Structure formats: C-alpha cells, structure tokens
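Keep in mind that what you see is a predicted model, and the values were worked out from it rather than measured. FYI, side chains are in, hydrogens and waters are out, and symmetry mates aren't considered; it's all heavy atoms of this structure. Each ligand, and each atom within it, is numbered from 1 in the order the structure gives. In this chain, residues are counted from 1 in sequence order.
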Amino acid sequence: MQALADTPDRAAIRDAVAALCARFDDEYWLTRDRTGTFAFDFHKAFADAGWLGIAMPEQYGGAGLGITEAAIMMQTVANSAGVFAACSTIHLNVFGPHAIVVHGTDEQKARWLPPLIKGEVRACFGVTEPDAGLDTTRITTRAERGGNGYIVHGRKVWTSGAQHAHKIMLLARTTPIDRCARPSDGLSLFYTDLDRRYVQVHEIHKMGRAAVDSNATFFDGLPVALEDRIGEEGKGFRYLLDSLNPERILTAAEAVGIGRRALCRATQYAKERVVFGRPIGQNQAIQHPLAESWAELAAAELMVLRAASLYDRAEPCGAEANAAKYLASDACFAAADRAVRTHGGFGYASEYHVERYFREAVLSRLVPVSRELVLCYLAERVLGLPKSY
Ligand SMILES: Cc1cc2nc3c(=O)[nH]c(=O)nc-3n(C[C@H](O)[C@H](O)[C@H](O)COP(=O)(O)OP(=O)(O)OC[C@H]3O[C@@H](n4cnc5c(N)ncnc54)[C@H](O)[C@@H]3O)c2cc1C
C-alpha cells in the first residue's frame, strides 16, 4: 500500500524515500518514543540525501518541486515505522520556510534557506498561544520597536522542536488590537534566532509523538533585528494564511500514510493470528473494518492529490485542502483504532507498535487545525452558511 504516484519521477521519489525510511525500523522509533529523544540521525539522513529542500527553489539548493511531490514524500515517511514522529522530525525544514519563499526578500532567502535545506539549522514555529487557541488574531505576544528592530515579550505554547531549534518563525503583535481596523491587522511575522538568553523553553509531557518535543515558550525581551521581519509590518497574519492550504495538504498526506501503516500491520496480524482454529482475518467482523479503512484511506489520498494538483497549478484549493485534511485524519484515526482492536490485548502492548501509531493518529485530528474548524470553513466558504466563529 504505497503512495500513489502518476509519473515515473514521482514513483522514484516515493521508492527512494521508502528505502531511506526503511533504515529506521520500529525498534528505533519505539526507543525514541520511550526516551523522548529527537531523531537527529534520521534528520541528518534526510538532509544528506537532499530531501529537505524538495519544495524549495533550486537557486537556494532545493529541488524546486511542487506540493504534490512533497505530499508523496511525507505520505511515504508517515507510512514508515516512525509514523507522525518521523514526519515531524523533518516537517518544519520541508514546510516551515514557505512564508520565506513566498514573501521573503532575495537577501533573506539566500541567508535562511540553504542552511535549512542542508539540515544545518532546525526551525520551530511559534504561533499558538495559551489564551488565544485557534483564534490566532487574539495572540498577545508583542514585538515593540526598540534596539536595531524589535523587542519581543510574551509566551507561546506547543512550540514543537524548540528544545533543539536554532531558529523560530514567530507571529507577534506589532500594533495593539484596539488600534487596528480588523483583528487580523497589526500582526507581524519574524524568522529569527531562538536566543536562549531571552527565551525559556519548557517541555510539555504529552500522549504521543514523544520523539519530537512540544513546549511552552516564554519570551522576555528577545531582540529581533529589522532584517528578520518577513514582508511588511502588520501583514503577518495574511502571510500565514497563504501557507494554510499547503500545510493542510501535507498533514493530510501524513495522516493517510499513518493510517496505511496501521492497516498494513493489522492485516498482517489478522492473517497470522489463529484463534478458534482459524486465522482471525477469516472472520468478517475483522475483515470488514479493515476493508473499510482501505477504501477510506484511498478516497482521502485522492482528495489529497487533487488538492495538491490544484495548488501546484496556482488554482483555488481551499475546499479541497480542508476536505483532504478532514477525510484523511478521520480515516487515519479509524485505521489506527481498528489496528489496535485487530490485535486484541496485544494491541495494547508497545512491542506490537500499533498502540504507538494510535497515539500519534489521535494527534492528526488535532493539528494543525481541528476537524471542527475545518468543517466551519467548508460550511461557510463552500456551502455559503453564516460564519459561526
Ligand atoms: C503535539 C502538538 C504540537 C503542536 N505544535 C505546534 C507548533 O509547533 N507551533 C504552533 O504554533 N502550534 C502548535 N500546536 C498547536 C495546534 O496547532 C493547535 O492550533 C492548537 O492545539 C489549538 O489550540 P487549543 O488547543 O488552544 O484549542 P482551542 O482553540 O481551545 O479549541 C478547543 C476545542 O474547541 C473547538 N472549537 C473552538 N472554537 C470553536 C468554534 N467556534 N466552533 C467549533 N469548535 C470550536 C476546537 O475545534 C477544539 O476542538 C501543536 C499542538 C499539539 C497538540
């Protein structure tokens, strides 16, 4: 059950990525899950093989390919033993620089992209705040003019990878909300050093994906140079919106991959496990849910590829990208749940790995946007119903 690839070049990407991932098996990822250690060697293997720049411009060392190729790659990574943890280990290098590519100056691209693509620099993403949640325009972290640019005070939450990141993509308010015409005005986007003299990072212990840390992050006077601001002051929220569709497409692709991995394990076990004198997979109560998962994942994958193809042709893809995220994360969750149940009691044992897949599948429904907010988008923007939030 490999990712769909409609051209020889795309099939070659899928096969090469699968071969690289196969060097990092279930035991490797189980150990990292238990110890909560970042997979530096996995990250380095992807950087050394040139994959981190798959969707970055060629002039800065990238491969200049589209979101379709990036989606095939991330689905393949997710369909390996590392599931979501493996994806998150490299996701920010692959996708994080999107705002830089689209809105950065030539000087910024030349300064920032090559080290990310070579894997010399790891970045984290500081948008979510504890008191704002999904209502991003209500963030209160502020960047005030001072020094050679700005001084940042405030706090973020869930900043993944901040324990080891060198850089942060940071959204902060530069004009108080009561002086803005709209709440989405007055926010600015920065890409700057995560200078630990001014930033404290506290890890949040969580249900799954332990190999990639997530953190509460506190900013106490972080200086940010003027040249580290992306685009115009006050337009940061709009720049973030540009990244939403490709991010939804990539996380949907990852969800399809995790679901496929879980389904594959479940099918294998259903063929091997004999109870009541026959393989459990001979029972329709075991077969049908697995067959349903195959169909659900295949349908979600087609929506992912449709959204990616529209995006790469610069056509509107909001409906498809949101539908892909919704369908893929639900299909992923159902497949992982069925994989645990197919294993019976052993599904609860770490050594069978499906419980780890399940814990990571839960996350696919929560990030980067919840299924409720995706449905709000479809209801409002596609069906024309009144805005509800
Ligand atoms: C492991 C992990 C890693 C993350 N990594 C990062 C990261 O690196 N950087 C970063 O910036 N963020 C990160 N996030 C944050 C993530 O992207 C979500 O945006 C964030 O968790 C959502 O905010 P919240 O938890 O405060 O939810 P809330 O906004 O409090 O929402 C809670 C629930 O209410 C629902 N809800 C809220 N409003 C409405 C409404 N109007 N209608 C219907 N339902 C509604 C939501 O769908 C959700 O189910 C991460 C989160 C997790 C769990």
Side-chain angles (χ1 to χ4, degrees), residues 33 36 38 83-99 122-141 152 154-173 183 187 189-192 194 199 201-219 236-237 239-241 243-244 247-248 250-252 254-255 258 322 325-326 329-330 332-333 356 358-381 385-389:
D33 187 59
F38 190 81
V83 285
F84 216 165
C87 294
S88 301
T89 301
I90 57 171
H91 182 104
L92 268 168
N93 282 66
V94 173
F95 178 72
H98 189 78
R122 281 182 303 278
C124 61
F125 205 63
V127 173
T128 308
E129 294 191 8
D131 295 331
L134 291 161
D135 192 359
T136 305
T137 61
R138 299 287 155 179
I139 64 165
T140 54
T141 294
V152 175
R155 60 183 179 151
K156 298 282 172 186
V157 73
W158 291 117
T159 324
S160 295
Q163 292 289 335
H164 306 287
H166 309 93
K167 293 273 188 183
I168 184 164
M169 181 83 75
L170 182 69
L171 187 73
R173 190 156 273 294
L187 294 164
L189 195 59
F190 304 95
Y191 180 75
T192 195
L194 190 62
V199 184
V201 179
H202 297 296
E203 186 162 1
I204 300 169
H205 291 282
K206 57 193 193 303
M207 177 178 181
R209 213 197 62 178
V212 179
D213 52 278
S214 293
N215 304 279
T217 316
F218 300 87
F219 301 84
F237 188 73
Y239 302 152
L240 266 193
L241 289 184
S243 322
L244 291 189
E247 184 171 37
R248 279 166 203 191
L250 289 189
T251 47
E254 293 171 15
I258 301 166
N322 277 277
K325 169 71 179 66
Y326 173 77
S329 53
D330 268 14
C332 168
F333 180 82
R356 175 167 55 87
F358 175 78
R359 286 185 281 113
E360 303 205 1
V362 171
L363 186 57
S364 81
R365 297 213 291 185
L366 301 174
V367 297
V369 62
S370 68
R371 55 203 298 285
E372 292 75 23
L373 267 278
V374 162
L375 293 177
C376 287
Y377 176 95
L378 293 174
E380 181 197 343
R381 303 292 182 87
L385 293 167
K387 185 169 179 170
S388 64
Y389 57 97

Step by step, would you call I168 with F219 a side chain to side chain contact (heavy atoms under 4.5 Å, CB included)? CA-CA 12 Å; I168 184 164; F219 301 84; 3.8 Å; yes

Quick one, D131 with R138, criterion side chain to side chain contact (heavy atoms under 4.5 Å, CB included). Give me CA distance, side-chain angles, the key distance, then yes/no. CA-CA 8 Å; D131 295 331; R138 299 287 155 179; over 6 Å; no

Test log, rule side chain to side chain contact (heavy atoms under 4.5 Å, CB included), inputs V199 and V152: CA-CA 10 Å; V199 184; V152 175; over 6 Å; no

Please lay out, stage by stage, how F38 and R122 fare under the test side chain to side chain contact (heavy atoms under 4.5 Å, CB included). CA-CA 12 Å; F38 190 81; R122 281 182 303 278; 3.8 Å; yes

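Which parts of ligand 1 touch L134 is read off a 4.0 Å heavy-atom cut-off, strictly below it: atoms 19 (O), 22 (C), 23 (O), 29 (O), 31 (O), 46 (C), 47 (O). Residue F125 approaches ligand 1 through these ligand atoms, each under 4.0 Å from one of its heavy atoms: 7 (C), 8 (O), 9 (N), 10 (C), 11 (O). Those atoms of ligand 1 with a heavy atom of V127 less than 4.0 angstrom away are 11 (O). Near P368, with a cut-off below 4.0 Å to any heavy atom, the atoms of ligand 1 are 17 (O), 19 (O).
Residue C332 comes nearest to A361 through the heavy atom pair SG-CB, 3.7 Å, listed as atom of the first residue, atom of the second, then distance. The shortest heavy-atom contact between E129 and K156 is OE2-NZ, 2.8 Å. Scanning both residues, E360 and A85, for their nearest heavy atoms gives OE1-N, 2.8 Å. Across R359 and M207, no two heavy atoms sit closer than the pair NH1-O, 3.1 Å. What you find for D213 and H164 is that their closest heavy atoms are OD1-CD2, 3.7 Å. Across all their heavy atoms, T251 and P368 have their closest contact at OG1-CD, 3.5 Å.
Nearest to atom 42 (N) of ligand 1 among the protein's heavy atoms is C376 SG, 4.0 Å. Closest protein heavy atom to atom 41 (N) of ligand 1: Y389 CB, 3.2 Å. Protein heavy atom closest to atom 39 (C) of ligand 1, with residue, atom name and distance, is L373 CD2, 3.9 Å. In terms of protein heavy-atom proximity, atom 30 (O) of ligand 1 is nearest to G133 CA, 4.6 Å.
For the residue pair S88 and R209, a side-chain donor N or O sits within less than 3.5 Å of a side-chain acceptor on the partner. For the residue pair H98 / E247, no side-chain donor-acceptor distance below 3.5 Å is found, with atom types taken as modelled.
Some N or O of W158 is nearer than 3.5 Å to an N or O of ligand 1, by distance alone. The shortest N/O to N/O separation between S370 and ligand 1 falls below 3.5 Å. Here's the thing with S160: one of its N/O atoms is less than 3.5 angstrom from an N/O atom of ligand 1. Here's the thing with V157: none of its N/O atoms is less than 3.5 angstrom from an N/O atom of ligand 1. Among the atoms of T128, some N or O lies under 3.5 angstrom from an N or O of ligand 1. Inclusion of E372 in the set of residues having an N or O under 3.5 Å from an N or O of ligand 1 is warranted.
Note that atom 47 (O) of ligand 1 has protein non-hydrogen atoms nearby, at separations under 4.0 angstrom. For atom 23 (O) of ligand 1, the nearest protein heavy atom is under 4.0 Å away. Protein non-hydrogen atoms do reach within 4.0 Å of atom 12 (N) of ligand 1. Distance check for atom 32 (C) of ligand 1: every protein heavy atom is found at 4.0 Å or beyond. Within 4.0 Å of atom 53 (C) of ligand 1, at least one protein heavy atom is present.
Contacts of L363 with ligand 1, taken as heavy-atom pairs under 4.0 Å, involve the side chain alone.
Of all the listed residues (V367, I168, V362), V367 holds the heavy atom that lies closest to atom 16 (C) of ligand 1.
Residue contact annotation: C124 has no non-hydrogen atom under 4.0 Å from ligand 1.
Taking 4.5 Å as the limit, some side-chain heavy atom of Y326 sits within range of a side-chain heavy atom of D330.
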